[in-house]
Amino acid sequence: CRICHCFERKRPISLVVKLGFLAALLVGFGIIIAAVVMTANGYSRCFDGFGIISCSSAEMLSTTLSGSADPPFIGLLPALTVFDSFSAELKSETSQMVTDLNAIMDSTIEIEKSSLLLSGVLTLFRDAMSDPQNIAPKDESGTDLLSDCLLCEQLGPVLSKVEVDFSNSIGAALKSARDQVAVQLGADRRRELANQIDSAPGPLAEFKDQVIAGLNPIISGGWYDTVRWSIETPFYYVVSLLCVCAFIYFAISLFSWALWTFQESTEEPIAEDCEDTMIKYNRCPHKLACIGWCCSVWCIFPALLIGGIFLAVAVPFAGGCLVLDSLDSKLLDEVQAGTGFNLTGDQGVMIRDMVDKCLAPSDRSSNANMMDIIFFDNGTHKNYLRDEFDRNALAPINSAFDALDKSAEKLGDNKFSDSASMSQLIDMITNSPVDATIFPSRDRFDPSDARWSLLSTQPSTADQSREPPLTAAAVTARCDDIVLSGANTVGLTTLVSHVSASFTMTPVIGTPCISLATCTLISDPQKEGACLQYNDYMNTLKVPLFTKKLFNCPVFQYENGTECDPLNMVGNTSSKYSSDCLLLDAATGTYSLKRKERKCSVEDFTDYVSSFAKRMNVTVTRMEESSLATFDAISSGLRQAMDTHFISRLMTILNGLTCGFMHKFFQGALVDGFCFKGVVGMRELSSALVLLGSAVLWIAAVDYIMWRLQVDNVNREEDFVDSVDGEASIVSASE
């Protein structure tokens, strides 16, 4: 090739220049060493990365199925087992859970009955005292009798306080705890819970299948093993061969340089009979150099090609790693179009939450719960499984037992019967007859009205000198005068007695103390008017209260309609009670009270109200005795049974289905293993191969220059020999 030999001439090379070539070769050798070291490190990172992915995937699958201690996770298989067994026990009427809890419920039924009875009595009395007909009575036609029951009005706030104290009593707390257990253990509620539990494993089982399907190729073989084998076996041997070739090329180049430096030429006679000498160049150095730079292409091209392939593969992988390292739901939304992820509907919401809370949480130490992520939509709002179980099953029971703990001190001296509200209620009922508190209405009865004006001014019907003054507005519906709260009240007998001093009186049939005046043959118009107004007053405000049953006095009744009064109940907590008005529903096993409406006169109403003092004492005593008798069974026995059979099993599921282990796998296997080891190793390997190819190219360039310098001298020597041989031939011919 004339191009390869352009500018050919003899080139004497000094030792310094040759040492420069040695330095250049050593630079290439150093680069080869660096490339080999980088290659080894790159392969080591790749191997470690693939190893981490394999081990982490196996650990991930094992953890997903069997659970882990740190971070705590129950495991999908144990969770599904707990779900199945719990659902089976809830559905069975003869399971150990149902049997044990029903036994305790049956033994504590007395607190249910006593609390129901006391609550019923309070409600009955409150309804009677707040009845508008009892507060402001009217006759059958709806005519206002212009009277108000002050005691009825005053008892309202007191009864409210009594009901609040009762709701905070130990008896109410025991009943509430027992009721919540009964609600959760009812057949319908157990079936509902069982259905919820049956539906909960669906997403978990689907998640388990997805995990197995995703990790199975990595663990048991498939495309992952093919990729790993391709990198770890063929590529490994090819790259190793390239490294060996690079060292061989360097060795050839170094040997060529050594021959060139130390055995470049010798001096020989020009001819056999000639004393003149010529320089004879060694043919080996330039041939070795030629072999080096000509054959280096078989190392340079594969090294650069494979390095380029690794670099081309590593670049998109590195981009993917950037996505993984900063993964969150927002980024997932941005890349879903290119990745094919289906993020629509409820599935998309759960996937986003899984990414933000499980795979890549902002708080790396968090351990989110999958029950707070998995939900079902009922059409109006999302029902998360954890909230559903907690709100409908755990919270009511825990709340009831917490209230029981707070009320436990009431078992001692701090009884409901000794509360200030109860004492005030009993005192008001006992010491304030209701008829003595029924006065003409302060709002609707106007003494100055023309209809009643003479009643307060005529001596025959009024006495302003007495204390309290005898006026129409001051007379109660009671016959006697009575002292209430330290003040005297005016009874009907006093009014009738005062009027009888001026008029002839006729008793009213059906009343114990009311008489009407005879207003005929009275010459004084004022006196006659006062007489007529007195009779109108009595007939309007007082007589109907006694002669008609205008008040509402509700009572309890049996199924046959016979009236029942808790005052007539007999028995005790040990021997059971009878005649307590409680009705048993055989179908449901629950008790209830049936009310019977009853009308009564003011006298009956007075007896009805005053009897509530005894009625309250009897029912409160029963409730407190029942509280003492059932406290241990409910507070300890029932709570322990619920904890063992119900709460602890639900809590095992609710607290155990965490997903913190996913972040450990995601960060360890994908980010650390695949990205920071596998992909970084691939980039390092590609850089090493490019560097190796460049080093061989550098050595090839040095070889070419050495070859050119050597071959020019050899060619010039051959030209000189040819010319000498030609001259010798001419001399011989001339001779």
Side-chain angles (χ1 to χ4, degrees), residues 89-90 92-120 165-187 189-190 193 393-418 566 569-578 580 582-586 588-593 618-651:
E89 287 203 38
L90 286 172
S92 174
E93 295 292 339
T94 58
S95 66
Q96 190 65 42
M97 175 184 70
V98 176
T99 301
D100 291 348
L101 290 171
N102 280 342
I104 299 175
M105 296 292 287
D106 292 341
S107 67
T108 56
I109 189 63
E110 177 53 33
I111 190 64
E112 171 77 18
K113 297 170 66 176
S114 62
S115 296
L116 176 62
L117 181 59
L118 176 55
S119 177
D165 287 343
F166 170 64
S167 66
N168 294 327
S169 69
I170 188 66
L174 288 168
K175 179 183 181 297
S176 176
R178 187 181 180 280
D179 286 348
Q180 284 302 327
V181 174
V183 168
Q184 299 303 329
L185 289 181
R189 178 55 182 158
R190 281 192 285 111
L193 281 174
L394 294 178
I397 294 176
N398 289 330
S399 176
F401 279 107
D402 288 343
L404 179 59
D405 291 337
K406 294 178 181 178
S407 303
E409 67 272 9
K410 295 182 174 64
L411 274 175
D413 297 331
N414 190 17
K415 297 180 179 180
F416 169 60
S417 58
D418 296 332
M569 70 177 174
V570 293
N572 53 53
T573 303
S574 300
S575 62
K576 309 302 180 186
Y577 287 89
S578 60
D580 56 6
L582 293 172
L583 304 177
L584 174 63
D585 186 339
T588 62
T590 59
Y591 288 88
S592 63
L593 290 166
V618 170
T619 53
V620 168
T621 299
R622 176 179 176 179
M623 190 270 290
E624 291 184 338
E625 289 178 353
S626 301
S627 299
L628 290 171
T630 60
F631 180 80
D632 289 339
I634 295 177
S635 178
S636 299
L638 189 58
R639 178 184 300 209
Q640 183 177 357
M642 285 298 294
D643 285 341
T644 301
H645 294 297
F646 192 81
I647 295 177
S648 62
R649 300 174 76 173
L650 267 182
M651 293 304 295

Which atom of Thr108 lies closest to which atom of Thr630, heavy atoms considered:
CA-CG2, 4.1 Å

If the condition is side chain to side chain donor-acceptor pair (under 3.5 Å), which residues does Glu112 pass it with, not counting sequence neighbours?
none

When you look at Ile109 and Arg178, which way does the side-chain contact (heavy atoms from CB on, under 4.5 Å) test go after all the steps?
CA-CA 9 Å; Ile109 189 63; Arg178 187 181 180 280; 3.3 Å; yes

When you compare the side chain of Leu582 with that of Leu593, does any pair of heavy atoms fall below 4.5 Å?
yes

Residues which pass side-chain contact (heavy atoms from CB on, under 4.5 Å) with Glu625, listed by chain and number, not counting sequence neighbours
Thr573, Tyr577, Thr621

Taking C-beta and beyond as the side chain, do Asp100 and Ile104 meet within less than 4.5 Å on heavy atoms?
no

Where Pro566 and Val618 come nearest, the two heavy atoms and their spacing
O-CG1, 4.1 Å

Test item: Leu638 and Met105 side chains (from C-beta on) under 4.5 Å apart, heavy atoms
yes

Backbone of Ser115 reached by a side-chain donor or acceptor of Ser119 within 3.5 Å:
no

If we only count heavy atoms from C-beta on, is the Met97 to Leu90 side-chain gap below 4.5 Å?
yes

Student check: side-chain heavy atoms of Glu624 and Leu628 closer than 4.5 Å:
no

So which atom in Ala641 and which in Leu101 form the shortest heavy-atom distance, rounded to 0.1 Å?
CB-CD2, 3.3 Å

Taking only residues two or more places apart in sequence or in another chain, which ones pass ring-ring contact (aromatic ring centres under 6.0 Å, His included) with Phe166?
Phe416

Sequence neighbours excluded, which residues qualify as side chain to side chain donor-acceptor pair (under 3.5 Å) partners of Arg622?
Glu110, Asp580

Atom pair CG/OG1 of Asn102 and Thr94 - distance to nearest 0.5 Å:
11.0 Å

Return the CG to CD1 distance between Leu174 and Ile634, rounded to the nearest 0.5 Å.
4.5 Å

Measure from the side-chain N and O atoms of Ser169 to the backbone N and O of Ala172, and report whether any donor-acceptor pair falls under 3.5 Å.
yes

Taking only residues at least two apart or on different chains, which pairs with a member in residues 633-644 satisfy side-chain hydrogen bond (donor to acceptor under 3.5 Å, both in side chains)?
Asp405-Arg639

What residues, two or more places apart in sequence or in another chain, satisfy side chain to side chain donor-acceptor pair (under 3.5 Å) together with Thr619?
none

